[in-house]
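Side chains included, hydrogens not; waters and symmetry mates left out as well; all remaining heavy atoms used.
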Amino acid sequence: MSQHWGIRALTATTVLSLVATLAACDNEPKVETNNSTSTSTAANGPDGKTGTPVGQLAPDGVDLSKFTGQQVQWSKDTCTSDVKELRSFSLRDLAAINARTECAKVKAPKDYSDPGKGEIDVMVTRTAPSKTPAEQRVLMTNPGGPGAPSGAFSVITAALSPLGTSHTVIGVDPRGVGGGTRVTCKSYGVRGLNDYRDLSDSDISNLQRAAKKTVDDCVSANGDLLPYITTANTARDHELVRQLIKTDKVDYYGVSAGTWLGAYYSTLFPNRVGRFVLDSNTEFTGSFQDSFGTQPMSFQRRFADQLLPWLARQNSTYDLGTTKDDVGKTYEDIRKAAGEGKLGQFEPIILDNIVAHTLYSDRGFESSGALLALLKRAMNGDSQALATAEGAAGGGGSRQELDDSRNQNTVFMAIRCNDTSWNKDPNSYVKTVKENGPKYPLVGYYDVANECAYWPYKAQDMKVDTSKAPQMLLVQTEDDPATAYEGGLKAHKASTNTRFLSVDDQGNHGAVLGGGNLCVEQQAYGFLQTGKLMDKDAVCPGVALPKDGQVHSVGFTPEGDKLAMPVDPTPQWKKALLAVLGAILDELMTPKNTTPRD
């Protein structure tokens, strides 16, 4: 689950560039942070409380045959550019996977309870299994967001996991984003703000006005689509696709906000649930305000408990300090220099944002170390180090990347504001920021202006109840920055049909795919391929951070049966391939809802 901080994140290319640059010897104007919106009321789309029987696509009496009877036209040419670009990698096995990938646009009603209101297109990406399996199974995937496209993620899932041999792997883009009907709005901010730790009352008022303008203009331009951009409708789109591809049940792998989607689908269509693995869980039995509200704490925990000590252990490489406290002081010194204008484009808000985004994956630690090492040199007068850092971070991206970012930002806003109720008092977020900021300074100051406070549509507040579905597996790392361990555990305890797999002393967001933890993979992929699920909640040991020779203990010891780490049988060529694909995966999993403000 992403956060919305207003600056673009480092891409995989930037990460690799920074690491390679340091071994050999990100930029955007001002931002606002999050969101805001007004309290008028407009008709909302279907919400799970409209009388639709559980397990049915639409309320009784509604004719959806136009949609359920359509013929799906699969083609490689229909795929989105990010899926097509994966074909350009001359990597062993990846070309063959792309040869098995094709895409289609599916028609779906904007409003499943009233199809006369119009229709939208939804992009579907399909990768056939490499072998003809004994049992034909379909795996649907979602990378989170909420609102991130699923196409490239589904192909990478087939490439990085054994599921590409046992399943037809499918990505259904959430409605409004990706290769289907897109809803894209401008977002506004306040120029001249470079440090959210030091906002005046006037700054806060300006940010609130900018957030309200973002919502008002978006509603004015796209009010015919916005009410229907919901997780419940995206779950219905998945069910429509299931019917069109004529499979009785679907398996599912969802990460982050993809766990929210998986929980919604299993609530609405429990009889169509096969084997579900939900990875890095939101508190899907609560509200989005609850889930996002834990992020200042969980990002700070990952920063303080894992990144800073790791940088201290790697002092011979990065020269940032030999203790956690020393590295923390160096970070604050760099941040102070950024605020004084000594680090060019790297202002405090940009520095915090970049470092926060590198916390999503363990591989991102090397990016943070490389960047901070260069900025420390720049702080001490090394102009070449600053030029190198700015060059590696690059510019604002292509026109297509900018449009994609705005598109995902819009859908992110619509889903989280439509799905569950948020506090409609704009100043309540100011109060929360003043409480969180001093305790969790990395990102605790950011959500000072929240668009959901001004959102004009009534939230759905659909009750999530997965209990009628078969048993599911929830996986959670101990120090996950974006979806706090505590929230995933709450969702598990409120869902009687789930098993909970904790990952001790590990903090990457996305524990299964590309995480490199064979214990986790054994349980998750084993369940998806064979149906065998743990008898009880369990705990996998963590894996060492990059450059570390051992796992370092953090925080607490999760409860559950202690599992052993299997021996790694992976050949070296495969590890090299996985490392490259892992960097691509990091890019797909890193929030794109961080556009510059207009």
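- Ion pair Asp248/Arg272 flagged as a salt bridge, since at least one NZ, NE, NH1 or NH2 atom sits closer than 4.0 Å to an Asp/Glu carboxylate oxygen.
- Test Phe292, Phe284, Phe288 against Trp260 for ring pair (Phe, Tyr, Trp, His ring centres under 6.0 Å) and you get one pass: Phe288.
- By the 4.0 Å N-to-carboxylate-O rule, Arg236 lies too far from Glu239 to be salt-bridged with it.
- No side-chain donor-acceptor contact under 3.5 Å links Gln506 and Asp479.
- Side chain to side chain, Ser287 and Asp290 meet the donor-acceptor criterion of an N or O pair below 3.5 Å.
- Between Thr477 and Ser280, the closest side-chain pair of non-hydrogen atoms is not below 4.5 Å.
- Ring geometry for Tyr265 against Phe269 counts as tilted: the plane angle lies between 30° and 60°, on a 0 to 90° scale.
- Judged by distance alone, with hydrogens and angles left aside, the side-chain atoms of Asn407 form a donor-acceptor pair with the main-chain N or O of Gly176 at under 3.5 Å.
- To the nearest 0.5 Å, the span separating CG on Leu473 from CG on Leu278 amounts to 8.0 Å.
- Rounded to the nearest 0.5 Å, atoms OG1 (Thr285) and CG (Asp465) are 10.0 Å apart.
- Atom CZ of Arg126 is separated from atom SG of Cys103 by 10.0 Å, given to the nearest 0.5 angstrom.
- With 3.5 Å as the limit, one finds no donor-acceptor pair spanning the side chains of Ser130 and Thr165.
- A salt bridge does not link Glu102 with Lys76: none of the charged nitrogens is closer than 4.0 Å to a carboxylate oxygen.
- No side-chain donor from either of Gln408 and Asp404 sits under 3.5 Å from a side-chain acceptor of the other.
- No more than 12 heavy-atom neighbours from other residues, nucleotides or ligands sit within 6.0 angstrom of CD on Glu559.
- Note that CG of Asn281 and CG of Leu474 are 4.5 Å apart. Values are rounded to the nearest 0.5 Å.
- Side-chain contact check for Ser502 and Gln476: no donor-acceptor pair (N or O, by modelled atom type) lies under 3.5 Å.
- Remark: of the listed residues Val138, Leu139, Thr127, Leu139 is the sole one forming a side chain to side chain contact (heavy atoms under 4.5 Å, CB included) with His167.
- The ring of Tyr253 has its center no closer than 6.0 angstrom to the ring center of Phe527.
- We find that Asp480 and Arg302 are not joined by a salt bridge, their nearest charged nitrogen and carboxylate oxygen being 4.0 Å or further apart.
- Under the 4.0 Å criterion applied to side-chain N and carboxylate O atoms, Glu486 and Arg301 are assigned as salt-bridge partners.
- No hydrogens or angles considered: nothing links the side chains of Thr141 and Ser154 as a donor-acceptor pair under 3.5 Å.
- Looking at heavy atoms from C-beta onward, Asp537 lies in side-chain contact with His492 at the 4.5 angstrom threshold.
- With rounding to the nearest 0.5 angstrom, the CD atom of Gln471 is 5.5 Å from the CG atom of Leu533.
- Under the side chain to side chain contact (heavy atoms under 4.5 Å, CB included) rule, Leu226 has a single partner from Cys417, Pro456, Cys218, which is Cys218.
- Rounded to the nearest 0.5 angstrom, Cys540 SG and Gln522 CD are separated by 8.0 Å.
- Between the side chains of Thr234 and Asp237, not a single donor N or O lies within less than 3.5 Å of an accepting N or O.
- For Tyr252, the ring-ring contact (aromatic ring centres under 6.0 Å, His included) partners two or more places apart in sequence, or in a different chain, are Phe276.
- Judged purely by distance below 3.5 Å, without hydrogens or angles, the side chains of Asp419 and Thr230 never pair a donor atom with an acceptor atom.
- Of the candidates Thr410, Asn222, Asp403, Arg182 forms a side chain to side chain donor-acceptor pair (under 3.5 Å) with just one, namely Asp403.
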